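Below is one structure, written out as structure tokens; comments come after it.
Residues: numbered from 1 along the sequence shown. Note that this is a predicted model, so its numbers are computed, not measured.
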Amino acid sequence: MIAFLTGRVAARGAGSAVIDVGGVGMFVQCTPSALSHLHVGETGTVATSLVVREDSLTLFGFADDDEKHLFEQLQTASGVGPRLALAMLSVLSPDALRQAVAAEDTNALTRVPGIGKKGAQRIVLELRGKLDPPVFTDGTLPPAQGAGAGGAGPNGAWRTQVVSGLVNLGWSAKDAEAAAAAVAPQAEETTDVAVLLRSALRTLSRA
């Protein structure tokens, strides 16, 4: 079990990073909040969960142990594998997910690509009472995590990363391009990939 990684960030994409740990480049699929703390050329740390399959070993990276723990809890629900759990944490923050389950808010869960109404109902049924209570208890969903530093850079570089992230989450290239175009006005205020990716996902979910 690899609990965390610390090393120089060699590369960073829309949904992944390569961290140089003792001369070995570790490829990690990350949540937006984890990526927001990773900057190429600087030392970074991510909490990790190793998923072992017959034909692959995949590392998933998180901003902290809380996010990692929820990632693993989500997979105890039927039909929720690591990629869907990662998508859930890409759309909703840990507290937003906990509150959605506690409040039986299936509409919030269906914002995640790959989760329909029946799937959301099943997730609520199986995870209700099993997750830690959310920090926010005023009846509203907390804002999604990942809105920190670490934008994609100037001159529209954010668009490539947002499109790539959407494709990785299961959307077609055509839909991903359309969603990126829809959030382009927002990019005049911020080029943070995590923020723009979530806005693009909301656009696709409404469509």
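- Applying the side-chain hydrogen bond (donor to acceptor under 3.5 Å, both in side chains) criterion to Glu126, with sequence neighbours excluded, gives Ser78.
- In plain terms, the two heavy atoms of Leu197 and Pro32 that are nearest each other are CD2-CG, 4.4 Å.
- There is no path of hydrophobic side-chain contacts, each under 4.5 Å, that joins Leu70 to Phe4.
- Annotation: ring pair (Phe, Tyr, Trp, His ring centres under 6.0 Å) contacts involving residues 63-93, sequence neighbours excluded, comprise Phe60-Phe71, Phe62-Phe71.
- Atom CG of Asp175 and atom OG1 of Thr203 lie 11.5 Å apart (nearest 0.5 Å).
- The two residues Ala47 and Lys68 come nearest to each other via the heavy atoms CB-CD, 4.2 Å.
- For Gln99 (side chain) and Asp95 (main-chain N/O), no donor-acceptor pair under 3.5 Å exists by modelled atom type.
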* Could you please spell out the steps behind the side-chain contact (heavy atoms from CB on, under 4.5 Å) verdict for Val46 and Leu38? => CA-CA 9 Å; Val46 290; Leu38 300 177; 3.9 Å; yes
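- Evaluation of the side-chain hydrogen bond (donor to acceptor under 3.5 Å, both in side chains) rule for Gln186 yields Ser199 as partners, not counting sequence neighbours.
- Residue pairs meeting the side-chain hydrogen bond (donor to acceptor under 3.5 Å, both in side chains) criterion with at least one partner in residues 113-122, sequence neighbours excluded, are Thr106-Lys117, Asn107-Lys117.
- Residues Asp105 and Arg111 are not paired through a salt bridge, judged by the lack of any N-O separation under 4.0 Å between the basic side chain and the carboxylate.
- For Val80, the side chain to side chain contact (heavy atoms under 4.5 Å, CB included) partners two or more places apart in sequence, or in a different chain, are Leu74, Ala77, Leu84, Ala85, Met88, Ile123.
- Residue pairs meeting the salt bridge (Lys or Arg N to Asp or Glu O under 4.0 Å) criterion with at least one member in residues 24-44, sequence neighbours excluded, do not occur.
- Residues satisfying the side-chain hydrogen bond (donor to acceptor under 3.5 Å, both in side chains) criterion with Arg128, sequence neighbours excluded, are Glu104.
- Looking at residues two or more places apart in sequence or on another chain, you find no side chain to side chain contact (heavy atoms under 4.5 Å, CB included) involving Ala178.
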* To do: Step by step, work out the side-chain contact (heavy atoms from CB on, under 4.5 Å) result for Val112 and Leu201.
  => CA-CA 8 Å; Val112 179; Leu201 282 166; over 6 Å; no
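- For the pair His39 and Val9, the minimum side-chain heavy-atom distance is 4.5 Å or more.
- Closest heavy-atom contact between Leu92 and Ala108: CD1-O, 3.8 Å.
- Pairs engaging residues 45-54 under the salt bridge (Lys or Arg N to Asp or Glu O under 4.0 Å) rule: none recorded [sequence neighbours left out].
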* Asked: Would Lys130 and Gln73 count as a side-chain contact (heavy atoms from CB on, under 4.5 Å) if you check the C-alpha gap in whole Å, the side-chain angles of each, and the deciding distance to 0.1 Å?
  -> CA-CA 8 Å; Lys130 296 182 179 180; Gln73 283 186 310; 5.6 Å; no
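- Partners of Glu72 under the salt bridge (Lys or Arg N to Asp or Glu O under 4.0 Å) rule, at least two apart in sequence or in another chain, do not exist in this structure.
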Show me the donor-acceptor pairs within less than 3.5 Å that the side chains of residues 17-29 make with the rest of the protein, sequence neighbours left out.
{"residue": "Asp20", "atom": "OD1", "partner": "Gly23", "partner atom": "N", "Å": "2.8"}
{"residue": "Gln29", "atom": "OE1", "partner": "Arg83", "partner atom": "NH1", "Å": "2.9"}

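- Considering only heavy atoms from C-beta on, Leu97 comes within 4.5 Å of Leu109 through its side chain.
- The side-chain hydrogen bond (donor to acceptor under 3.5 Å, both in side chains) check on Thr45 picks up Thr6, with sequence neighbours excluded.
- The two residues Leu89 and Pro94 have their closest heavy-atom pair at CD2-CG, 4.1 Å.
- The two residues Ala34 and Ala63 make their nearest non-hydrogen contact at CB-N, 3.5 Å.
- Distance NE2/His37 to SG/Cys30: 11.0 Å, rounded to 0.5 Å.
- Thr48 places no side-chain N or O within donor-acceptor distance of the main-chain N or O of Leu59, the cut-off being under 3.5 Å.
- Expressed to the nearest 0.5 Å, how far OG of Ser49 lies from CG of Leu86 amounts to 10.5 Å.
- Of the inter-residue distances, the one linking Leu131 atom CG with Arg98 atom CZ reads 7.0 Å to the nearest 0.5 angstrom.
- Contact detail for Pro185 and Ala181: the closest heavy-atom pair is CD-O, 3.9 Å.
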